[in-house]
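Throughout, a chain's letter reflects where its sequence line sits, starting with A, and its residues are numbered from 1.
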Amino acid sequence: AQKVTQAQTEISVVEKEDVTLDCVYETRDTTYYLFWYKQPPSGELVFLIRRNSFDEQNEISGRYSWNFQKSTSSFNFTITASQVVDSAVYFCALSGPAGNNRKLIWGLGTSLAVNP
Amino acid sequence: DTGVSQNPRHKITKRGQNVTFRCDPISEHNRLYWYRQTLGQGPEFLTYFQNEAQLEKSRLLSDRFSAERPKGSFSTLEIQRTEQGDSAMYLCASSPQTSTDTQYFGPGTRLTVL
């Protein structure tokens with residue numbers, strides 16, 4: 001069975017601090033895809049990144065970076081120099097191989113509060 | 001290029017009434033998904049369409065729930081005889097049928113059953 005665990009329910013930081021959101025996944029598929037989405041208070045889920053299981057390169061996009069480690073089944077998300085606008089709930093999600101129903105299996109989310 | 005749209009954004013109804021939600025996917029996206037999200041939880045998969053074919057339904061989708069995508073474009077989700085437990089955010093997502101089939105979400109429809 002597929003499962004995504006985000007152990008951190010809530011995180012509170014002060015602006016400009018770095019913060020890492022953890023994501024651990026379980027799957028029996030050899031090919032799978034991992035995602036991070038942001039859900040601001042407005043409620044709409046915003047896609048941040050997609051990573052396939054064969055690509056373990058870390059990725060950086062501005063203040064955002066992602067660390068994918070198959071050995072520990074983790075796909076962690078770091079925000080550098082956090083800003084108040086980063087306050088949101090962040091979800092990690094997992095989907096199966098291409099060709100199948102690509103429904104997303106979601107973690108419970110981590111609520112990030114960035115305080116001025 | 002517009003994103004995924006959902007209507008209505010909010011719906012308040014009395015227990016026992018029927019409600020219908022609409023989702024318009026990104027044009028040329030042939031995959032469409034419905035999810036449900038309750039407070040403090042991640043979204044849960046409800047059903048999936050590829051073009052007009054409904055290919056999978058979750059066990060969460062009881063007999064009171066039905067979804068259609070008649071022409072492979074917009075989709076509707078109907079809940080009959082609503083119950084208070086149906087109160088949730090109903091999310092629609094669409095994706096292209098390519099190797100990079102990332103799902104893009106609409107703003108959701110928040111249902112409150114009194």
Side-chain angles (χ1 to χ4, degrees), chain A residues 1-10 21-26 31-55 59 61 66 75 88-112, chain B residues 2-11 23 26 29-51 53-61 67 88-112:
Chain A
Q2 296 179 314
K3 184 178 179 182
V4 174
T5 301
Q6 294 180 257
Q8 303 150 309
T9 305
E10 296 181 357
L21 310 181
D22 298 333
C23 173
V24 174
Y25 62 92
E26 296 174 29
T31 301
Y32 52 90
Y33 299 82
L34 295 162
F35 302 80
W36 277 94
Y37 284 83
K38 174 182 180 180
Q39 190 172 43
S42 62
E44 186 163 346
L45 283 160
V46 178
F47 166 73
L48 296 178
I49 190 170
R50 173 185 187 273
R51 173 66 73 225
N52 74 52
S53 52
F54 295 109
D55 182 1
E59 181 156 340
S61 176
W66 290 269
F75 186 43
V89 180
Y90 291 86
F91 289 96
C92 181
L94 167 71
S95 73
N100 296 344
N101 174 358
R102 299 295 295 279
K103 64 185 177 185
L104 294 170
I105 307 301
W106 300 77
L108 294 180
T110 297
S111 178
L112 174 65
Chain B
T2 58
V4 178
S5 62
Q6 292 186 246
N7 288 288
R9 295 290 307 277
H10 304 274
K11 179 70 176 179
C23 171
I26 294 172
H29 278 190
N30 61 353
R31 291 180 172 175
L32 187 147
Y33 299 79
W34 285 98
Y35 293 85
R36 181 172 68 187
Q37 185 180 24
T38 53
L39 197 62
Q41 302 292 313
E44 296 175 296
F45 169 76
L46 292 179
T47 190
Y48 157 63
F49 289 86
Q50 185 160 303
N51 299 310
Q54 187 175 21
L55 298 185
E56 185 171 341
K57 295 193 324 182
S58 163
R59 286 177 294 176
L60 291 174
L61 219 62
M89 176 77 88
Y90 290 83
L91 298 164
C92 176
S94 71
S95 72
Q97 190 176 352
T98 66
S99 59
T100 55
D101 55 347
T102 295
Q103 293 178 34
Y104 294 92
F105 283 79
T109 295
R110 181 166 296 284
L111 173 66
T112 301

Within 6.0 Å of CZ in R110(B), more than 12 heavy atoms from elsewhere: no
Counting only non-hydrogen atoms closer than 4.5 Å, does I105(A) touch chain B with its backbone (N, CA, C, O), its side chain (CB onward), both, or neither? neither
Among E56(B), Q41(B), M89(B), E44(B), single out the residue with the greatest number of heavy-atom pairs under 4.5 Å to chain A. E56(B)
Scanning both residues in full, the closest heavy-atom pair of F91(A) with G42(B) reads CE2-CA, 3.4 Å
Nearest-0.5 Å distance, CD1 of residue I49(A) to OG1 of residue T102(B): 10.0 Å
Measure from the side-chain N and O atoms of Y37(A) to the backbone N and O of F105(B), and report whether any donor-acceptor pair falls under 3.5 Å. no
Applying a strict 4.5 Å limit to non-hydrogen atoms, the region of Q39(A) in contact with chain B is side chain
For Q37(B), is it the side chain, the backbone, both or neither that has a heavy atom under 4.5 Å from a heavy atom of chain A? side chain
Should we count NZ of K38(A) as having more than 12 external heavy atoms under 6.0 Å? yes
Looking at Q103(B) and K103(A), what are the two nearest heavy atoms and their distance? NE2-CA, 4.2 Å
Please rank G108(B), A93(B), G106(B) by heavy-atom pairs under 4.5 Å with chain A and give me the top one. G106(B)
All side-chain contact (heavy atoms from CB on, under 4.5 Å) counterparts of E44(A), not counting sequence neighbours: P107(B)
Decide yes or no on side-chain contact (heavy atoms from CB on, under 4.5 Å) for Y35(B) and L45(A), but give the supporting numbers first. CA-CA 12 Å; Y35(B) 293 85; L45(A) 283 160; over 6 Å; no
